[in-house]
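All remarks here apply to the structure that follows.
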Amino acid sequence: MAPPSSDDRPRSRQRKPVAPDMRHAQRPARRRRMSEAPGTRPRVNLALQGGGSHGAFTWGVLDRLLEDDGVDLAGISGTSSGALNGAVMLTGYIQGLKQGSPQAARAQARTALHDFWRDVSQHGPLFSPLSLQANGTLSTAFNFDQLPAYQWMNVFMRAFSPYEFNPLNLNPLQGVLKRHVDTEALHEGCARSGIPLFVTATAVHSGQPRVFTAQELSLDALMASACLPFLFQAIEIEGEPYWDGGYTGNPSLHPLIYQTELSDILLVRLTPLHKVDTPTHTIDIIDRLSEIAFNASLVGELRAIASVNQFYQEQRLDLGKYKRLHMHMVADDEGLTPFNASSKFNTDWSLLQQLHALGRTAADTWLAAHRDKIGVASSFDINSVFLHHGGQHLPRKP
């Protein structure tokens, strides 16, 4: 697996921090303020999961990472809303870099992300006719699953395909992307600025992932990565139809391994790994199956990484040809639990602000506990977090 060698931005609310792996936390989570000398900011590759409007959590994570005591951007691999976050952030960063210093570029990237999600909220009724008003009226839970209209819509979309109920293939995402993504900036980031973007979509005919990067990056590639087959017609690129990349790579890690020199990957995870309750309603069963499918490819890649890292440690590999990967993760399953799968269609600004605040807090906690591990060691154990069955860890081979 391893290759050869103030505006209306929400503030993070106070809450009990939840780190992915508290074993390494040697000091309380707090925002560290430091004077960064040029070149001393640690660099990481970013792996950004998709998850509909829950991508606002990733917005919050990126917003915090881009601050002065955060990290520097390297490769970015994203799927669905993760790909959109990556493209918007890179657009702002490259545009800001042309006008000033890296610090100005980071500030512009933060502004670009905010403006994108604000635009999404203002066009919420276009993305979902069930979206609530921006004033947050009747939005105490933000979940749609108890609404008869949502249940009817699920039945309707499984009885009629988007080729039948949306014959004109109207997709409001296209207009939003045109306003916030500059494909030339993406090409610039990949070619000359050392920040390649990798966008995964699923090829309908072969069922295989396709990773778009460099000159292949386009608005169509981004729309393909976020194309849910029950909502929109497949996006055709060079004669091949594509669906949401989450089915085959959520996100794809291999481009970061094989096409960048860094050994550190920071995963921003949205899809929950574990559910306490057994789903009993049809909609809940379908939602859980989707979550399992969207995690399957990621777990497979992490399993391969864990094996290679183990072989590397045991010196069972040619150390001159392979590198040991350092894995990091920002997630908050506890904070995201109240927002179920139906809320991924909700683009109410109040919800997006809450998710953004959760993401900032999770990133702040991770930076305080693990920033100094970048380039040195992993900050979570793949086996204990991902590779288990029925609550029991999978045994390692002797």
Side-chain angles (χ1 to χ4, degrees), residues 6-15 48-64 80-85 88-89 110-154 156-157 170-177 179-180 226 228 230-232 244 246 268 270-272 283-284 287 290-291 332-363:
S6 208
D7 54 76
D8 49 352
R9 293 190 184 93
R11 296 182 179 178
S12 301
R13 57 187 176 88
Q14 296 295 319
R15 59 187 297 275
L48 310 179
Q49 273 200 330
S53 64
H54 289 193
F57 176 91
T58 302
W59 162 36
V61 172
L62 299 176
D63 190 43
R64 178 64 184 91
S80 195
S81 63
L84 306 188
N85 272 316
V88 171
M89 177 176 65
R110 296 177 65 196
T111 299
L113 284 166
H114 169 270
D115 293 347
F116 168 76
W117 283 102
R118 188 58 170 154
D119 196 358
V120 167
S121 75
Q122 292 170 343
H123 291 81
L126 295 177
F127 286 93
S128 169
L130 296 174
S131 293
L132 304 177
Q133 297 301 314
N135 61 11
T137 304
L138 300 177
S139 61
T140 55
F142 296 110
N143 298 324
F144 288 151
D145 58 325
Q146 298 303 314
L147 297 177
Y150 176 78
Q151 299 178 33
W152 176 87
M153 185 177 69
N154 268 273
F156 178 84
M157 287 190 301
L170 301 177
N171 190 334
L173 180 60
Q174 186 174 29
V176 176
L177 289 179
R179 291 190 289 273
H180 297 278
L228 291 172
F230 288 109
L231 286 177
F232 302 109
D244 194 296
V268 181
L270 299 179
T271 304
I283 293 177
D284 296 332
D287 288 339
S290 295
E291 290 173 345
D332 186 358
D333 285 355
E334 180 182 322
L336 290 174
T337 293
F339 310 108
N340 65 27
S342 68
S343 67
K344 294 179 181 180
F345 296 97
N346 189 344
T347 57
D348 176 47
W349 182 236
S350 298
L351 170 63
L352 301 184
Q353 287 179 305
Q354 288 194 28
L355 293 169
H356 171 274
L358 287 173
R360 278 190 59 88
T361 300

Side chains of E291 and P272 in contact at under 4.5 Å (non-hydrogen atoms): yes
Nearest-0.5 Å distance that lies between atom CG in L62 and atom NE2 in H356: 9.5 Å
Closest approach of L351 to N346 (non-hydrogen atoms, all atoms of both residues): CD2-O, 3.4 Å
Student check: side-chain heavy atoms of T58 and L270 closer than 4.5 Å: yes
Working for side-chain contact (heavy atoms from CB on, under 4.5 Å), residues L113 and D63: CA-CA 8 Å; L113 284 166; D63 190 43; 5.7 Å; no
Separation of W349 CH2 from Q122 CD (nearest 0.5 Å): 8.5 Å
Test side-chain contact (heavy atoms from CB on, under 4.5 Å) applied to A56 - qualifying residues, sequence neighbours left out: W59, W117, L352, L355
Main-chain N/O of G55 paired with N85 side-chain donor or acceptor, under 3.5 Å: yes
S53 backbone acceptor or donor facing T347 side chain under 3.5 Å: no
Nearest atoms (heavy-atom pairs only) where K344 meets G51: CG-O, 3.4 Å
Partners passing side-chain contact (heavy atoms from CB on, under 4.5 Å) against S80 (at least two apart in sequence or in another chain): A226, D244
Separation between CZ of R118 and CD of Q353, rounded to the nearest 0.5 Å: 7.0 Å
Straight-line distance of D115 CG to R179 CZ, nearest 0.5 Å: 11.5 Å
Value rounded to 0.5 Å, distance of CG in D332 from CD in E334: 6.5 Å
Rounded distance [0.5 Å steps], CD in Q49 versus OG1 in T271: 4.0 Å
